[in-house]
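On a predicted model such as this, the values are computed, not experimentally measured, just so you know.
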Amino acid sequence: MLPVDSHAHLYDAMYAGQTEKVISSALGRVGFIICPSEDRKTSEQSVQIASGESRIFAAVGIHPLHTEHVSGEDWKQILSLAHHSPKVVALGETGLDFFSKNCDRELQKYWFSRHIQAAGELHLPLIIHDRKAHGEILSLLQKQAHGVVSGVIHGYSGSLETAKALINTGFYISFGGSITYPGSRRIRQVASTLPLDRILIETDSPYQAPFEKHGELNVPENVWYVAQALAKLKQIPVSEVIETTGHNAAKLFGISRN
């Protein structure tokens, strides 16, 4: 059984000239890959990449840091991709990013709510970006998504208490390279404590390289390091982590593993 990378930006410019090589190498070591998007252009790129590979799937949407530049026509085209492409299995990545004090928080919340609404109408899960906005993310999901929409909080960085509340709202928690770093004690504790049947693993390629590949361009096959780190934290076989997190991803995104 091969691990699933639930979050890899395969279209990213950092892969320029080597995208095909990265994908070919990854598919020899990974079961399937979810390629999330950031705006209209990358949504189109994600769908194009997924359409050419049976084990790559796309998510389309608007990253919170791109909300200031989105138009009504952009959103219309993104929804069209979600509606018409069989390779689109989620909306995202969407969410909130309050790292910058100068960001337009209300605009981000508006577009996040639009994604939640569209996910319910299209019966698709959400891939959620959460940076310095844990309470706001949880509040919006509890008010607008509970019992209607599921999804995953990718690259989780919040508290154990918030993670448990998100799970109770119907969402999965995804961990990436951060749990491979010995110094990341808090998030490693969260990962070790949450139930495995509510966890996904990811790379966030080409970013967030694991400890073993620090300073290198991250690639989807590095999800093995994440799986190994999670197995060590939970003191269970890595095969169990791979099997369960893969099952979780397949269930969430409606993908057959046969």
Student: Are a donor atom and an acceptor atom from the side chains of S184 and S178 found within less than 3.5 Å of each other?
Tutor: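 No, S178 and S184 have no side-chain donor paired with an acceptor closer than 3.5 Å.
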Student: For the hydrophobic clusters of this structure (ILVMFWY residues joined by side-chain heavy atoms under 4.5 Å, transitively), does one cluster hold both I56 and V89?
Tutor: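 Each belongs to a different hydrophobic cluster.
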Student: For residues A227 and I201, report the shortest heavy-atom separation together with the two atoms involved.
Tutor: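 In terms of heavy atoms, the two residues are closest at CB-CD1, 3.8 Å.
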Student: Does E121 form a side-chain hydrogen bond (donor to acceptor under 3.5 Å, both in side chains) with Q117? I'd like the steps, not just the answer.
Tutor: CA-CA 6 Å; E121 294 171 351; Q117 178 183 0; 3.2 Å; yes
Student: Is there a continuous path of hydrophobic side-chain contacts, each under 4.5 Å between heavy atoms, that joins L91 to V47?
Tutor: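 Yes, same cluster.
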Student: Look at the side-chain heavy atoms of Ile, Leu, Val, Met, Phe, Trp and Tyr, link any pair under 4.5 Å apart, and say whether L230 and L2 land in one connected group.
Tutor: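 No, L230 does not connect to L2 through the hydrophobic network.
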Student: Apply side-chain contact (heavy atoms from CB on, under 4.5 Å) to residues I173 and L166 and explain how you reach the verdict.
Tutor: CA-CA 8 Å; I173 305 297; L166 287 163; 4.1 Å; yes
Student: Taking the side chain as C-beta and beyond, is there a heavy-atom pair between F112 and L141 under 4.5 Å?
Tutor: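 Of all side-chain heavy-atom pairs linking L141 with F112, at least one is under 4.5 Å.
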Student: Cation over ring, R131 on F99, under 6.0 Å and within 45°?
Tutor: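 Output yes; distance and angle both within limits.
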Student: Apply the test side-chain hydrogen bond (donor to acceptor under 3.5 Å, both in side chains) to residues E44 and Y11: give CA-CA distance (whole Å), side-chain angles for both, the deciding distance (0.1 Å), then the verdict.
Tutor: CA-CA 10 Å; E44 292 169 345; Y11 51 78; over 6 Å; no
Student: Between NE2 of H115 and CD1 of I127, what distance do you get to the nearest 0.5 Å?
Tutor: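 Spacing of NE2 (H115) from CD1 (I127) equals 10.5 Å.
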Student: Between I128 and V152, is there a side-chain heavy-atom distance shorter than 4.5 Å?
Tutor: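 No, every pair of side-chain atoms sits at 4.5 Å or beyond.
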Student: Checking S24 against E20: is there a side-chain donor and acceptor pair closer than 3.5 Å?
Tutor: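 S24 and E20 do not have a side-chain donor-acceptor pair below 3.5 Å.
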Student: Find out whether K109 and L140 are in side-chain contact, i.e. whether some heavy atom of one side chain is under 4.5 Å from a heavy atom of the other.
Tutor: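 They are in side-chain contact.
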Student: Mind checking whether P195 and R198 have side chains closer than 4.5 Å, heavy atoms only?
Tutor: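 A side-chain contact exists here, since the closest heavy-atom pair is under 4.5 Å.
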Student: Quick one about E221 and S25 (side-chain donor to acceptor, distance below 3.5 Å, no hydrogens or angles considered), yes or no?
Tutor: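 Yes.
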Student: Donor-acceptor pair, distance only, cut-off 3.5 Å: does the side chain of S80 make one with the backbone of K76?
Tutor: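 No, S80 side chain to K76 backbone: no donor-acceptor pair under 3.5 Å.
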Student: Are the side chain of R186 and the backbone N or O of S157 linked by a donor-acceptor pair below 3.5 Å?
Tutor: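 Yes; judged by distance alone, with no hydrogens or angles, the pair exists.
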Student: Going by the angle between their ring planes, with limits at 30° and 60°, are H7 and H154 parallel, tilted or perpendicular?
Tutor: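 Answer is parallel, since the angle falls under 30°.
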Student: Inspect the surroundings of CD in Q235 and state if more than 12 heavy atoms from other residues, nucleotides or ligands are less than 6.0 Å away.
Tutor: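 Open.
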Student: Can you tell me how far the CZ atom of R188 sits from the OG1 atom of T193, to the nearest 0.5 Å?
Tutor: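 One gets 12.0 Å once the value is rounded to the nearest 0.5 Å.
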Student: Going from CD1 on I153 to CD on E93, what distance comes out if it is rounded to the nearest 0.5 angstrom?
Tutor: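 I153 CD1 to E93 CD: 11.5 Å, rounded to 0.5 Å.
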Student: M1, V226: one ILVMFWY side-chain cluster at the under-4.5 Å cut-off?
Tutor: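 As far as the 4.5 Å side-chain criterion goes, V226 and M1 are not connected within one cluster.
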Student: Does one side chain, of T67 or Q108, offer a donor that lies under 3.5 Å from an acceptor on the other?
Tutor: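 Not at all, the side chains of T67 and Q108 share no donor-acceptor pair under 3.5 Å.
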Student: Please give me the minimum heavy-atom distance between A118 and L79, naming the atom from each residue.
Tutor: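 Result for this residue pair: CB-CD2, 3.8 Å.
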Student: Does a side-chain N-to-carboxylate-O contact under 4.0 Å join K164 and E161?
Tutor: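 The answer is no: the pair does not qualify as a salt bridge.
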Student: For residues V223 and I187: do they belong to one hydrophobic cluster (side chain heavy atoms under 4.5 Å, members Ile, Leu, Val, Met, Phe, Trp, Tyr)?
Tutor: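 Per the 4.5 Å side-chain linkage, V223 and I187 are co-clustered.
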Student: Which distance, rounded to the nearest 0.5 Å, do you find between the CG of D97 and the CG of D130?
Tutor: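 If I round to the nearest 0.5 Å, the distance is 9.0 Å.
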Student: Does either side chain, that of S159 or that of T162, offer a donor lying less than 3.5 Å from an acceptor on the other one?
Tutor: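 Result is yes, a qualifying pair exists.
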Student: A side-chain contact here means heavy atoms from C-beta on lying under 4.5 Å apart; do I23 and E53 qualify?
Tutor: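 I23 reaches E53 side chain to side chain.
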Student: Check whether NZ of the Lys or CZ of the Arg K87 lies under 6.0 Å from the centre of the six-membered ring of F57 and within 45 degrees of that ring's axis.
Tutor: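 Yes, a cation-pi geometry holds between K87 and F57.
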Student: When you measure from the side chain of S43 to the backbone of G61, do you find a donor-acceptor pair of N or O atoms at a distance under 3.5 Å?
Tutor: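 Such a contact is found between S43 side chain and G61 backbone.
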Student: Verify side-chain contact (heavy atoms from CB on, under 4.5 Å) between I78 and I62, making sure each step is shown before the conclusion.
Tutor: CA-CA 9 Å; I78 287 170; I62 304 163; 3.7 Å; yes
Student: Just verifying a value: how many Å separate T244 OG1 and I236 CD1, rounded to the nearest 0.5 Å?
Tutor: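 Answer rounded to 0.5 Å: 6.5 Å.
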Student: When you look at NZ of K132, are more than 12 heavy atoms from neighbouring residues, nucleotides or ligands closer to it than 6.0 Å?
Tutor: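 Counting other residues, nucleotides and ligands, NZ of K132 stays at 12 neighbours or fewer.
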Student: Within a reach of under 6.0 Å around CD of Q48, are more than 12 heavy atoms found that belong to other residues, nucleotides or ligands?
Tutor: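 Incorrect, the count does not exceed 12.
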Student: Could you measure the distance from the CD atom of E243 to the CG atom of N248? Nearest 0.5 Å is fine.
Tutor: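 E243 CD to N248 CG: 9.5 Å, rounded to 0.5 Å.
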Student: Is there a donor-acceptor contact under 3.5 Å from the side chain of N218 to the main chain of Q208?
Tutor: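 Such a contact is found between N218 side chain and Q208 backbone.
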Student: Within a strict 4.5 Å, meaning less than it, do heavy atoms of the C103 and R105 side chains meet?
Tutor: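 The answer is yes, as the side chains (C-beta and beyond) meet within the 4.5 Å cut-off.
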Student: Do H9 and Y15 meet the criterion of a side-chain donor-acceptor pair at a distance under 3.5 Å?
Tutor: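 Side chains of H9 and Y15: no pair found under 3.5 Å.
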Student: Quick check against the 3.5 Å criterion: does D74 have a side-chain atom that pairs as donor or acceptor with the backbone of S71?
Tutor: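 A pair under 3.5 Å: yes.
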Student: With a 3.5 Å distance limit and no angle check, can you tell me whether S205 reaches the backbone of Y207 through a side-chain donor-acceptor pair?
Tutor: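 The answer is no, because no donor-acceptor pair under 3.5 Å joins these two groups.
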Student: Below 30° counts as parallel, above 60° as perpendicular, anything between as tilted: where do the rings of H134 and Y156 land?
Tutor: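 H134 vs Y156 ring planes: tilted.
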Student: Checking side-chain contact (heavy atoms from CB on, under 4.5 Å) for the pair I255/F32: CA distance, chi angles, key distance, verdict?
Tutor: CA-CA 9 Å; I255 296 170; F32 65 82; 3.6 Å; yes
Student: Which heavy-atom pair separates F98 from A133 by the least distance, and what is that distance?
Tutor: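 Scanning both residues completely, I find the closest heavy atoms to be CD1-CB, 3.6 Å.
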Student: Determine, step by step, whether H63 and D39 satisfy the side-chain hydrogen bond (donor to acceptor under 3.5 Å, both in side chains) criterion, reporting the C-alpha distance in whole Å, the side-chain angles of both residues, the deciding distance to 0.1 Å, and the verdict.
Tutor: CA-CA 6 Å; H63 190 287; D39 52 20; over 6 Å; no
Student: Assess the side chains of N222 and T203: does a donor N or O sit below 3.5 Å from an acceptor N or O?
Tutor: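 Checked: N222/T203 side chains show no N/O donor-acceptor pair below 3.5 Å.
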Student: Is there a side-chain contact between L10 and P220 (heavy atoms, below 4.5 Å)?
Tutor: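 A side-chain contact exists here, since the closest heavy-atom pair is under 4.5 Å.
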Student: Spell out, as yes or no, whether a donor-acceptor pair under 3.5 Å connects the side chain of W111 to the backbone of E68.
Tutor: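 Looks like no, no N/O pair under 3.5 Å.
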Student: Please name the pair of heavy atoms, one in S37 and one in T42, separated by the smallest distance, quoted to 0.1 Å.
Tutor: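 Minimum heavy-atom contact is OG-O, 3.4 Å.
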Student: Looking at every non-hydrogen atom in both residues, tell me the closest pair between P182 and R185 and how far apart they are.
Tutor: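 In terms of heavy atoms, the two residues are closest at O-CG, 3.9 Å.
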Student: Go through the steps for V4 and T245 under the test side-chain contact (heavy atoms from CB on, under 4.5 Å), then give the verdict.
Tutor: CA-CA 7 Å; V4 168; T245 59; over 6 Å; no
Student: Taking all non-hydrogen atoms of both residues into account, name the closest pair between L96 and I137 and its distance.
Tutor: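 The pair with the smallest heavy-atom distance is N-CD1, 3.6 Å.
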